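Following: one structure in structure tokens, then a few remarks.
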Amino acid sequence: MARKIFIAGNWKMNKTVAEAAELLAGLKASAGRIGNVDVAVCPPYTTLAGAVAALKDTPIMVGAQNVHWAASGAYTGEVSAAMLKELAVDCVIIGHSERRQYFGETDATVNQRTKAALAAGLLPIVCVGETLAEREAGKTEQVVKTQTEAGLAGLDPAQAAIVTIAYEPVWAIGTGKTATPQMAQDVHAFLRGVLAGMFGAETAGKIRIQYGGSMKPDNAAELLAQPDIDGGLIGGASLKAEDFLAIVTSA
Ligand code: PGA
């Protein structure tokens, strides 16, 4: 079954509401160029409502960068799935390596967040990826397998089919070092096998696996041409409408 390419922009902690206006206007103006590709932008919480409003007549979806698993309560600094749904947010990034590295995110909390997102009808983008030390120690497959199995534990195949996995080698994020298309394809194919082991081959064939880590207009086409690379999670290059749309159109 052909998987539809899915390109998502992760703005991280960039763009105030005022600064985002130009980028959103640029995306809106060029949205007509988007072909048969799913596209999302994931701004900071403060810009979610503005992004939904600015992009409402376009096919571009809006995503958050995190979500808490509880419905409400004493969780200072957190945002619930219902709060995101209220804003008409479509998707949510979960378990990004920066959350894991700087904010104590674990596979167990990734799993809880993923279940809460699915229960609310949000499309989860669950991030996995090895550090440079892990790759050099030959542990890449072990690391991404553990993250995937723990992150998606307890999902049924119908839920799993909705999830997008983002494979982001930590050493390639924001460094300008991209995994070669073959290196990325090898891990994506391995992950497809892990997913088949968890949910069966048919479901694994439906789950989109994005690549992330210094994906740019000049390397996107080659990466996206790999059989198991079904899209991209774009950081730096998603902050300029032109660059982001160039990646989308190369898909
Ligand atoms: P980058 O970030 O494209 O700037 O490397 C990707 C990500 O962290 O999602």
Side-chain angles (χ1 to χ4, degrees), residues 5-15 19-20 23 27 37-45 47-48 51 60-67 89-105 110 113-114 117 122-132 134-135 140 143-144 147-148 151 163-181 183-184 187-188 191 208-224 226 229-251:
I5 294 283
F6 181 17
I7 306 287
N10 174 12
W11 293 12
K12 308 192 179 185
M13 196 175 75
N14 292 294
K15 305 280 179 193
E19 289 165 352
L23 175 50
L27 293 170
V37 179
D38 283 337
V39 180
V41 292
C42 305
Y45 288 127
T47 297
L48 287 174
I60 302 174
M61 297 184 284
V62 175
Q65 297 174 18
N66 199 4
V67 63
V89 163
D90 305 289
C91 48
V92 59
I93 298 170
I94 295 171
H96 190 278
S97 63
E98 287 150 17
R99 301 285 332 155
R100 295 177 189 260
Q101 196 178 345
Y102 306 129
F103 303 101
E105 190 78 63
V110 167
R113 294 184 201 279
T114 301
L122 293 163
L123 306 176
I125 301 174
V126 177
C127 304
V128 302
E130 82 286 1
T131 63
L132 185 58
E134 288 163 343
R135 175 164 283 266
T140 297
V143 167
V144 297
Q147 290 174 335
T148 303
V163 172
T164 295
I165 301 285
Y167 168 59
E168 301 203 300
V170 177
W171 48 270
I173 295 177
T175 57
K177 285 186 204 155
T178 321
T180 64
M183 275 162 88
V187 179
H188 282 234
L191 282 170
R208 293 184 289 191
I209 309 177
Q210 296 173 327
Y211 169 80
S214 299
M215 196 188 261
K216 304 269 184 288
D218 61 0
N219 62 24
E222 225 191 337
L223 286 159
L224 294 169
Q226 301 300 312
I229 301 185
D230 310 313
L233 184 56
I234 322 295
S238 73
L239 297 174
K240 280 195 188 144
E242 259 167 72
D243 287 355
F244 186 62
L245 284 155
I247 292 171
V248 170
T249 49
S250 76

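When a ligand or atom number is given, it counts from 1 through the structure's own listing order. Values in this document were obtained by computation on a predicted structure and should not be read as measured data.
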So does K12 get a backbone contact from the side chain of Q65, meaning a donor-acceptor N/O pair under 3.5 Å?
yes
Are the side chain of T131 and the backbone of V170 linked by a donor-acceptor contact shorter than 3.5 Å?
no
Ignoring hydrogens and geometry, is there a side-chain-to-backbone donor-acceptor pair from N66 to R113 under 3.5 Å?
no
Just by modelled atom types, is the V110 backbone N or O under 3.5 Å from a matching donor or acceptor in the R99 side chain?
no
Please tabulate, for the side chains in residues 235-245, all donor-acceptor contacts under 3.5 angstrom to protein atoms that are two or more places apart in sequence or on a different chain.
| residue | atom | partner | partner atom | Å |
| --- | --- | --- | --- | --- |
| S238 | OG | I234 | O | 3.2 |
| S238 | OG | G235 | O | 2.7 |

side-chain hydrogen bond (donor to acceptor under 3.5 Å, both in side chains), paired with Y167, selected from Q147, H188, Q210, E130:
E130
Neighbour list for ligand 1 [protein residues, heavy atom under 4.0 Å]
N10, K12, H96, E168, A172, I173, G174, G213, S214, L233, I234, G235, G236
